[in-house]
Amino acid sequence: MNLLDDDAADELAAAAVSLRSHLERRQRAGMGEVARAVVSKTNTVSAGGDGSPLAGAVNDLFGDSKAVYQASSLEELRAAIGDCRRCKLCAGRTNLVFGVGNRNARLMFVGEGPGRDEDLQGEPFVGRAGQLLTDIITKGMGLKREDVYIANVVKCRPPENRNPEPDEVAACEPFLKKQIELIHPEIIVGLGKFAVQTLLKSKMPITKLRGQWHSYHGIKLMPTFHPAYLLRNPGDKKLVWEDIKKVIEALGA
């Protein structure tokens with residue numbers, strides 16, 4: 001039985017992120033044992049539901065993330081994130097990978113997280129998988145990379161390109177939600193299992209989700225395979241093309 005409605009769940013998750021960040025600062029300041037105990041509890045909270053992507057988040061407990069929620073531009077959002085130390089991924093990063101593209105884009109691509117090339121350059125999807133995504137955008141869709149917006153669920157590279165862990169997503173997802181809110185695209189293309197399951201709050205396999213329209217807080221969402229998967233499984237490019245043709249049709253409409 002679900003004890004929280006959707007808005008309450010979103011608000012609780014936002015509060016948990018702020019609480020965790022606040023306590024980590026206390027921990028670094030020497031208030032270690034109590035802070036560590038409470039931080040571990042806040043790692044388990046997640047959000048879901050419809051309505052505004054940041055529903056309830058403005059009532060942030062300590063105000064640490066208020067600048068994020070109140071940002072009125074991508075520049076203000078990036079400044080609010082700052083030299084982020086909100087989760088353990090910061091320890092191994094070279095560059096925080098915020099996002100790139102048209103701030104008024106009708107189409108937004110969301111991936112999982114930065115890889116090695118992205119970490120080094122500070123821009124999403126610039127390696128081999130990124131080149132394939134660029135080909136999909138330019139050769140397949142007839143657009144320029146600068147016409148769309150590209151971002152990831154987490155902004156720092158996970159070690160050895162592993163999947164981000166729940167506490168890392170909880171710390172970083174408010175940034176992605178705010179990016180989506182500011183850009184307000186007509187369509188989001190979710191790239192790969194992790195990004196799609198995070199956006200939809202679903203454990204359903206990508207093979208079951210792809211190729212069908214879903215809704216992310218009222219925005220049309222098309223799941224498809226990640227370009228890195230296509231590098232390993234080129235035979236499935238035809239399936240991605242089927243998904244992308246639906247996006248092209250929807251943009252044309």
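Side-chain atoms are counted along with the backbone in the values below, which use heavy atoms only and exclude waters and symmetry mates.
The pair E181-K178 counts as a salt bridge, with a side-chain nitrogen and a carboxylate oxygen less than 4.0 angstrom apart. A salt bridge is absent between R93 and E118: the closest approach of a Lys/Arg side-chain nitrogen to an acidic carboxylate oxygen does not fall below 4.0 angstrom. Ionic pairing of D83 and R85 is present here: one or more N-O contacts between side-chain nitrogen and carboxylate oxygen are shorter than 4.0 angstrom. A salt bridge links K201 with E173: the closest approach of a Lys/Arg side-chain nitrogen to an acidic carboxylate oxygen falls below 4.0 angstrom. Between E168 and R162 there is a salt bridge, since at least one side-chain N of the basic residue sits less than 4.0 Å from a carboxylate O of the acidic one.
In this structure, the side chains of N104 and I183 stay at 4.5 Å or more apart for every pair of heavy atoms. For the pair E123 and V126, the minimum side-chain heavy-atom distance is below 4.5 Å.
Without hydrogens or angle criteria, N95 side chain to D119 main chain gives a donor-acceptor distance under 3.5 Å. Between the side chain of H214 and the main chain of L209, a donor-acceptor pair closer than 3.5 Å is present.
Across all their heavy atoms, L96 and C84 have their closest contact at CD1-CB, 3.8 Å. In terms of heavy-atom proximity, I206 sits nearest to K193 at CB-CA, 4.0 Å.
In summary, the side chains of R210 and T224 do not present any donor paired with an acceptor at a separation below 3.5 Å, with no hydrogens or angles considered.
In this structure, H226 has its ring center closer than 6.0 angstrom to the ring center of F125.
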Inset, instruction - Might you work through the side-chain contact (heavy atoms from CB on, under 4.5 Å) test for I137 and D147, ending with a clear yes or no? - result: CA-CA 9 Å; I137 294 167; D147 292 333; over 6 Å; no
Inset, instruction - Walk me through it: do K155 and Q179 pass the test side chain to side chain donor-acceptor pair (under 3.5 Å)? - result: CA-CA 12 Å; K155 310 305 185 190; Q179 283 176 302; 2.5 Å; yes
Inset, instruction - Give the C-alpha distance, both sets of side-chain angles, the deciding distance and a yes or no for side-chain contact (heavy atoms from CB on, under 4.5 Å) between F175 and R86. - result: CA-CA 12 Å; F175 309 148; R86 294 169 176 85; 3.5 Å; yes
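In this structure, L176 CG and F98 CZ are separated by 10.0 Å, a value rounded to the nearest 0.5 Å. For the atom pair CG (D135) and CG (L132), the distance works out to 6.0 Å, reported to the nearest 0.5 Å.
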